[in-house]
Student: 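The structure follows.
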There are 2 protein chains.
Amino acid sequence: MQFSARLTMATHILLAADYFSGEVRTTSEFLAGSVGTNPVIVRRILGQLRNAGLITVEQGIGGVSLAKDPSEISLLDIYNAVEKKEETIFHFHENPNGACPVGGRIHELLDDELERVTKCMEKELSDIKLSALADKIPKGKE
Amino acid sequence: MQFSARLTMATHILLAADYFSGEVRTTSEFLAGSVGTNPVIVRRILGQLRNAGLITVEQGIGGVSLAKDPSEISLLDIYNAVEKKEETIFHFHENPNGACPVGGRIHELLDDELERVTKCMEKELSDIKLSALADKIPKGKE
DNA sequence: ATAGTTGTAACCGTATTAGTTACAACTATG
DNA sequence: CATAGTTGTAACTAATACGGTTACAACTAT
């Protein structure tokens, strides 16, 4: 199992939108060229990022702008925007036998532990800010 | 995106195999009754756990035994046995544009960060031992 | 009015998952 | 030795998700 490529694509899109802001119009076509995919894939991700309040998109004319400072956007924000649908990343089997000493307690045994693993992952993602990534890209001009 | 239910099912299976060891013959049919699934699903998971050296299975007669002490089996061992196929849990988009200042550096920017998140999750899973879970199940007899 | 763009629906091919049926190989037991 | 019960595995199914693609209405600067 793997997470979808939407997390890396969305991060790429945000970094490109930031990097090229004011320089070129960051249309879905342009961004798709950088990400190496289809403009519709980009627009779908833009929709998720917009719904999450991370960007604004100029309808009609085109162009993506960050809605927050890059230091206020973490990989967890992006992850939550494009990936998260369910409460937990660990899918529990649906019908453990409650009459069994093990089956009747399996949730009680595992739920908190798996929650802790999830929280740990989320914490780690939240520590990675877009600004830290953007700062590593040398700006040709300026 | 979610991990498959194989992790929780496999953990359930191992806990049941441990709990009922010496008491009843833990056949795939019996275990399937506790997990709430099909015996073949159980046998498929048993195959993965066996390949990982976590259990032995009595062919012909039936019955699952742990190959290690429960304190030596972690959720990471189980995860690696039943879930892990790829190197990373984060799927990177395949064709970032190398000619773009962002696309050309996106791996350099993200690979280490995502690796760190993965390692953190694995560390957390490795800290959860089967014995800690098994100890919380009251043994009716003894 | 026009050209370029966004937002979204619809569809495709591929892959994964849990579940199921089927069956050969194996093993203890009578 | 024959049998019953079991494992291991292949083959198939239905459901779901994913990246990709085509198409098109709605929007906007010029």
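Order of the sequence lines fixes the chain letters, A, B, ..., with proteins taken first and strands second; residue numbering starts at 1 for each chain. In what follows, every heavy atom counts, from backbone to side chain, and hydrogens, waters and symmetry copies are set aside.
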Student: Starting at the 5' end of DNA chain D, which residue's closest nucleotide do you reach first, B:Met1 or B:Leu46?
Tutor: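 Per heavy-atom nearest nucleotide, the more 5' residue is B:Leu46.
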Student: Is A:Glu124 salt-bridged to B:Lys123, cutoff N-O under 4.0 Å?
Tutor: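 Here A:Glu124 does not pair with B:Lys123 in a salt bridge, since their nearest N and O are not under 4.0 Å apart.
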Student: Please give, in whole Å, the distance from D:dG8 C1' to B:Ile45 CD1?
Tutor: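 Answer to the nearest Å: 15 Å.
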Student: Considering only D:dT21, D:dC18, C:dA18, which nucleotide approaches the side chain of B:Ala5 most closely?
Tutor: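 Nearest to the side-chain atoms of B:Ala5, counting from C-beta on, is C:dA18.
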Student: What's the CZ-P distance between A:Phe90 and C:dT17, to the nearest Å?
Tutor: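 In whole Å, C:dT17 P and A:Phe90 CZ are 15 Å from each other.
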Student: Tell which nucleotide pairs with D:dT7, taking only Watson-Crick or G-U wobble pairs whose two distances are both under 3.5 angstrom.
Tutor: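 Paired with C:dA24.
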Student: Under 4.0 Å, heavy atoms only, any strand: does A:Arg6 hit a base, just the sugar-phosphate, or nothing?
Tutor: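 If one applies the 4.0 Å heavy-atom cut-off, A:Arg6 turns out to touch the sugar-phosphate alone, with no base involved.
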Student: In whole angstrom, what separates A:Met9's CE from D:dG19's C1'?
Tutor: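 Value for this atom pair: 7 Å.
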Student: Round to the nearest Å and state the distance from A:Asn95 atom CG to C:dG19 atom P.
Tutor: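 Atom-to-atom, A:Asn95 to C:dG19, this comes out as 8 Å.
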Student: Please identify which of these residues, A:Ile45, A:Ile78, A:Val42, meets the side chain to side chain contact (heavy atoms under 4.5 Å, CB included) condition with A:Met9.
Tutor: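 For A:Met9, the side chain to side chain contact (heavy atoms under 4.5 Å, CB included) test succeeds with only one of A:Ile45, A:Ile78, A:Val42, which is A:Ile45.
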Student: Whole Å only: how far is the CD1 atom of A:Ile13 from the C1' atom of C:dT6?
Tutor: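 About 14 Å, once rounded to whole Å.
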Student: Does any N or O in the side chain of A:Arg105 come within less than 3.5 Å of the main-chain N or O of B:Lys136, such that one atom is a donor and the other an acceptor?
Tutor: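 Side chain of A:Arg105 to backbone of B:Lys136: no pair is present.
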Student: Are any of the side-chain nitrogens in B:Arg116 or B:Asp112 under 4.0 Å away from the carboxylate oxygens of its partner?
Tutor: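 Judged by the 4.0 Å cut-off on N to carboxylate O distance, B:Arg116 and B:Asp112 do not form a salt bridge.
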Student: Should we count CD of A:Glu113 as having more than 12 external heavy atoms under 6.0 Å?
Tutor: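 Enclosed: over 12 neighbouring heavy atoms sit under 6.0 Å from CD of A:Glu113.
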Student: Can you tell me how far apart OG1 (A:Thr37) and CG (A:Leu31) are? Round to the nearest 0.5 Å.
Tutor: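 Interatomic distance, A:Thr37 OG1 to A:Leu31 CG, rounded to 0.5 Å: 11.5 Å.
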Student: Got a sec? Which of residues 25-33 of chain A come in under 4.0 Å of DNA chain C, heavy atoms?
Tutor: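 DNA chain C contact set from residues 25-33 of chain A: A:Arg25, A:Thr27, A:Ser28.
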Student: Of all the nucleotides listed (C:dA9, D:dC18, C:dG19), which has the minimum atom distance to the side chain of A:Val40?
Tutor: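 Closest nucleotide among those given: C:dA9.
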Student: Quick check: does any side chain N or O of B:Glu122 sit under 3.5 Å from a backbone N or O of B:Leu76, one acting as donor and the other as acceptor?
Tutor: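 Not at all, since once roles are kept as given, no pair shorter than 3.5 Å links the two residues.
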Student: Does any N or O in the side chain of A:Lys84 come within less than 3.5 Å of the main-chain N or O of A:Ile89, such that one atom is a donor and the other an acceptor?
Tutor: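 Not at all, since once roles are kept as given, no pair shorter than 3.5 Å links the two residues.
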Student: Using whole Å, what does the distance between atom P of nucleotide D:dG8 and atom CD1 of B:Ile41 come to?
Tutor: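 Nearest whole value for this atom pair: 15 Å.
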Student: Return the residues of residues 52-63 of chain A meeting this criterion: a heavy atom under 4.0 Å from some atom of DNA chain C. Order them by number, or give none.
Tutor: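 Within residues 52-63 of chain A, the residues near DNA chain C are A:Val57, A:Glu58, A:Gln59, A:Gly60, A:Ile61, A:Gly62, A:Gly63.
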Student: What's the closest nucleotide to the side chain of B:Arg50 if the choices are C:dG19, D:dG20, D:dT9?
Tutor: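 The answer is D:dT9, which lies nearest to the side chain.
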Student: Rounded to the Å, how far apart are B:Arg43 CZ and D:dG5 P?
Tutor: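 About 14 Å, once rounded to whole Å.
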Student: Atom CD of A:Gln48 and atom C1' of C:dG7: how far apart are they, to the nearest Å?
Tutor: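 From A:Gln48 CD to C:dG7 C1': 13 Å.
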Student: Choose from C:dT21, D:dG20, C:dT17 the nucleotide whose nearest atom is closest to any side-chain atom of B:Ser4.
Tutor: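 The answer is C:dT17.
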Student: Students often mix this up, so state it plainly: with edges at 30° and 60°, are the rings of B:Tyr79 and B:Phe3 parallel, tilted or perpendicular?
Tutor: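 Perpendicular.
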Student: Please report the interatomic distance NE2(A:His12) to NE2(B:His107), rounded to the nearest 0.5 Å.
Tutor: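 One gets 10.0 Å once the value is rounded to the nearest 0.5 Å.
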